[in-house]
Number of protein chains: 2
Amino acid sequence: MPSVIDHDFTTLDERSDLPLYEMVKAQIKLKVETGEWPTNHRVPSENRIVEMLGVSRMTANRALRELATEGVITRVQGRGSFVAPKKRSAGSMGVRNIAEEIGERGLSHHANIILTQTEISGPDLAGALEVEVGSAVHHSIILHEEDHVPIQLEDRFVNAEVAPDYLKQDFSRITPNAYLTSIAPISRTEQYIEAVLPQPWECKLLAIARSEPCLLVRRRTWSSGRAVTSVRLLYPGSRYRLQSSE
Amino acid sequence: MPSVIDHDFTTLDERSDLPLYEMVKAQIKLKVETGEWPTNHRVPSENRIVEMLGVSRMTANRALRELATEGVITRVQGRGSFVAPKKRSAGSMGVRNIAEEIGERGLSHHANIILTQTEISGPDLAGALEVEVGSAVHHSIILHEEDHVPIQLEDRFVNAEVAPDYLKQDFSRITPNAYLTSIAPISRTEQYIEAVLPQPWECKLLAIARSEPCLLVRRRTWSSGRAVTSVRLLYPGSRYRLQSSE
DNA sequence: CATGCAAGGTTCCATATACAAGTTGGAGGT
DNA sequence: ACCTCCAACTTGTATATGGAACCTTGCATG
């Protein structure tokens, strides 16, 4: 004889002093995060949750509704609730890895290392990276190409105290961004986006006309309170646009 | 004799088919966005809203609760609800109100209405707004000035079904963005940012040289599944940069 | 004067109930 | 075979009610 109770759910934890609806949310989140319920898997209906967990329909409703606004599930009236596809959109925009981004478009990525060296920071740079004037700072300039077409000029300074081995990396295999986030998880980022005309040397590297407008992204990132890197990303306006959706 | 009804609130709009709690949210958002209620200003309590608007306490509760998760207000148990300090860089960027942004810098904002009219949508526009070809679509072009210097050219199309009264608004008092979010809360946005050279007519309005690079933000927003607006924001590169930090 | 306490306002949670609106699937007719 | 229509299920909204937890304020008591 089949039990009325679906053993997908354990009973709610009495000891926890979390609100009921939070407990319901936690149960469902668990299934999703462990992968037990894959994308598009059906989530129990509100009435089903009422039966299974013995809560009122309104608290089941609140749990599901909030999970929907959090992007964990999607709900459509008349059909039901389903596990939402994993949200991409790494942050807002920009923190995305240029190599990944190109890969997703099915194109080839190539990193052209223009310069890598360690420098002594002047006042401006020291201010940007929040280090003492005269400190050692790593500097790299890399030209990223998509199918052999230059698409991003990356001019980066790195706090040598945070990433002493930065210049030892093989930047044709791992992007600076990927390396840095792997050794120092980003806790804060600040960025400015503007439209500029390129400098002559930038034109040459990007193979564009002097009059072509470019997107300039200037970004600084911090990890646990310390400035990690300050980078200047220059994109030819005709070949690239930033995208974001949420 | 003082009336029990606080005239801070107008009565709810019967014609709108928005849910009640959304209407309540809209009323409060309007006060906040227009600056009538400054930061830390007290928001009416749930029971006060019940008296004023004649809704049940639970829907007042839902409205305030959602506004709190959206970051519009903060609530503390036992004390009340208060207008939250403007959060820097709403989410990613861009959905910010240009008037607010200028106001924060302590400068004066002026909206110069270039064009407002209703048009019949062609295939491209209909596709962008997800309406039938031939539908009526509102069109507005507004030049925003900061201390009398042109800083943003806003070229906007609005789904007339969602916002039939769009063109009746006084855009020198409330920005299109503020109005639209007040009547149709944003559920999704898609945006592209690119660097372009301006068109001749755009140069003239923005008072810039033909060769000056500009930031172009193209954005579409949805509210509960329906496309609300498609907008093209053009900023002179020398006068503006997008900022975000998280 | 200081401490404590009670009252009233506020948010927060939970439930029961009702109806509206969208989807699906099947029964039953043509 | 096809169509129509309805029943059942789903989410979405709105209301009424009750209690708990928390804060402020003012007053009574020591």
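The model shown is predicted, which means the values in this text are computed figures rather than measured ones. Here is how names work: the chains are called A, B, and so on, in the same order as the sequence lines, proteins then strands, and each is numbered from 1. Worth knowing before you read on, the calculation uses all heavy atoms, side chains too, and leaves out hydrogens, waters and symmetry mates.
In this structure, B:Asn47 places its CG atom 14 Å from C1' of D:dT15, rounding to the nearest Å. Here the C1' atom of nucleotide C:dT10 and the CZ atom of B:Phe82 are 9 Å apart, to the nearest Å. Distance B:Arg48 CZ to C:dT10 P: 9 Å, rounded to the nearest Å. Per the geometry, NZ belonging to B:Lys25 stands 10 Å off P belonging to D:dT13, to the nearest Å. For the pair B:Leu20 CG and D:dT13 P, the interatomic distance rounds to 11 Å; values are reported in whole Å. Rounded to whole Å, atom P of C:dA18 lies 17 Å from atom CG of A:Asn61. Atom CG of A:Asp17 and atom P of D:dC22 are 10 Å apart (whole Å). A:Leu18 has its CG atom 15 Å from the C1' atom of C:dA14, to the nearest Å.
Remark: A:Thr59 is not in phosphate contact with C:dC13, judged by side-chain N or O atoms under 4.0 Å from OP1 or OP2. In this structure, A:Arg62 does not reach the C:dA14 phosphate: none of its side-chain N or O atoms is under 4.0 Å from OP1 or OP2. For B:Ser56, no side-chain nitrogen or oxygen approaches OP1 or OP2 of D:dA14 to under 4.0 Å. Contact check, A:Arg75 against D:dG12: a side-chain N or O comes under 4.0 Å of OP1 or OP2. Dashed line: the shortest gap from a side-chain N or O of B:Tyr21 to OP1 or OP2 of D:dT13 is under 4.0 Å. Proximity of A:Arg79 to the phosphate of D:dT11: no side-chain N or O atom is located under 4.0 Å from OP1 or OP2.
Look at A:Glu70 and A:Lys29 and you find a salt bridge, because one of the NZ, NE, NH1 or NH2 atoms lies within 4.0 Å of a carboxylate O, short of that distance.
Residues A:Tyr235 and A:Ile98 share a closest heavy-atom pair of CE2-CD1, 4.5 Å.
Take the nearest nucleotide of DNA chain C for A:Gly54 and for A:Arg57: the residue whose nucleotide is more 5' is A:Gly54. Toward the 5′ end of DNA chain D lies the nearest nucleotide of A:Gly78, the other residue of the pair A:Arg65 and A:Gly78 mapping further downstream.
Checking B:Ser230 against B:Arg220 by side-chain atom types alone, no donor-acceptor pair falls below 3.5 Å.
Nearest to the side-chain atoms of A:Gln77 among the listed nucleotides D:dT10, D:dG12, D:dT13 stands D:dG12.
Using a 30° and 60° split on the angle between ring planes, B:His110 and B:His148 fall in the tilted class, from 30° to 60°.
Centroid-to-centroid, the aromatic rings of B:Phe171 and B:Tyr166 come within less than 6.0 Å.
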